[in-house]
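Okay, so here's the structure we're looking at.
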Amino acid sequence: MQDFDGDPAADVAALYRRTWPRLIGVLVSIGGSRADAEEVAQDAYVKLLGRWESIRRYDDPEAWVRAVAVRTLISRLRRQQVATRALARLKGRPAEVRGPDGDALDVAAALARITPAQRAVVVLHHVMDLPIEQIAEELQLPPGTVKSRLARARQALAPLLVVKEVPDHA
C-alpha cells in the first residue's frame, strides 16, 4: 500500500505525474493512436478521482487506472471496427487491412492486425511484464481466457514478425 497525504486532488495529481507516461505507452501500443490513448487515460484518471477514497487503499492504484483505461480502449476500438465494417458494407467493398511494408520488422503494424483484446494481453504481458493472473484481474477475465487470447495472438503474430534474412554482400 502506498503512502498518500490525504488530499484527494494532490494524491491523484501525484499518481498521475508518476504513471501518465507509462499508461500512455501501453495504450498507444494497444490502440495505435496517441489522441485516443490520451483521451481514454484522462477519463480513467477522472474516474479515479471520484473513487479515490476507496482506491487509495489499494496496494496498486496504478493497476486500477490501467485496467479502466485498457478496458475502455478495447471497447472503443471494437466500436470503431464495427463502424468501419458497416461503412465498408454500405460502400459495397470490404475494409482494407494494410500489412507490414517491405522487409522491415514492424511490430506496430503487426499488432494492428490482431484484435484489440489480443493486443491488450500481448502488451500487458510482454511489454508491461505483468503475469497472467494480474492481467486477468485487471481485465476482469478468467486466467484461461487471458492464456487463450495470448496464445491466439502469438499464433497470429508469428507469420507477421518473421525477420527476413538479408543476403551477405561480402
Search all heavy atoms of [X] against all heavy atoms of [Y] and return the closest pair with its distance.
X: Val70; Y: Ala120; answer: CG1-CB, 3.8 Å
X: Pro116; Y: Leu77; answer: CG-CB, 3.5 Å
X: Ala153; Y: Gln118; answer: CB-CB, 3.7 Å
X: Leu48; Y: Val65; answer: CD2-CG2, 3.5 Å
X: Val146; Y: Ala136; answer: CG2-CA, 3.6 Å
X: Pro61; Y: Trp52; answer: CB-CZ3, 4.2 Å

Side chains of [X] and [Y], heavy atoms from C-beta outward: is any pair under 4.5 Å?
X: Leu130; Y: Glu138; answer: yes
X: Arg51; Y: Val68; answer: no
X: Arg78; Y: Thr115; answer: no
X: Arg154; Y: His125; answer: yes
X: Arg66; Y: Leu124; answer: yes

Can Gln42 and Glu38 be counted as having a side-chain donor-acceptor contact under 3.5 angstrom?
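Side chains of Gln42 and Glu38: no pair found under 3.5 Å.
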Sidechain N-carboxylate O distance under 4.0 Å for Glu62, Arg22
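Yes, Glu62 and Arg22 are salt-bridged.
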Please determine whether a side-chain nitrogen of the Lys or Arg among Arg76 and Glu39 lies less than 4.0 Å from a carboxylate oxygen of the Asp or Glu.
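Here Arg76 pairs with Glu39 in a salt bridge, since their nearest N and O are under 4.0 Å apart.
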Flag yes if Leu139 and Tyr58 sit in one hydrophobic cluster, no otherwise; membership is Ile, Leu, Val, Met, Phe, Trp, Tyr, and two members link when side-chain heavy atoms are under 4.5 Å apart.
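Yes; tracing contacts between hydrophobic side chains, which count when under 4.5 Å, links both residues.
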Are Val127 and Leu157 in one and the same hydrophobic cluster, where Ile, Leu, Val, Met, Phe, Trp and Tyr link if side-chain heavy atoms are under 4.5 Å apart?
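Shared cluster, yes.
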Parallel under 30°, tilted from 30 to 60°, perpendicular over 60°: which one fits the rings of Trp20 and Tyr45?
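If you compare the ring of Trp20 with that of Tyr45, the planes turn out tilted.
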For the pair Arg149 (side chain) and Val121 (backbone), establish whether a donor and an acceptor sit closer than 3.5 Å, ignoring hydrogens and angles.
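Such a contact is absent between Arg149 side chain and Val121 backbone.
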[atom1]-[atom2] distance between [X] and [Y], expressed to the nearest 0.5 angstrom:
X: Thr145; Y: Ile132; atom1: OG1; atom2: CD1; result: 11.0 Å
X: Leu49; Y: Leu15; atom1: CG; atom2: CG; result: 11.0 Å
X: Leu141; Y: Ile135; atom1: CG; atom2: CD1; result: 10.0 Å
X: Ser29; Y: His126; atom1: OG; atom2: NE2; result: 13.0 Å
X: Leu73; Y: Asp43; atom1: CG; atom2: CG; result: 11.0 Å
X: Trp64; Y: Lys47; atom1: CH2; atom2: NZ; result: 7.0 Å

CA sep, side-chain torsions, deciding dist, call: Arg71, Ser75, side-chain hydrogen bond (donor to acceptor under 3.5 Å, both in side chains)
CA-CA 6 Å; Arg71 286 193 309 266; Ser75 178; over 6 Å; no
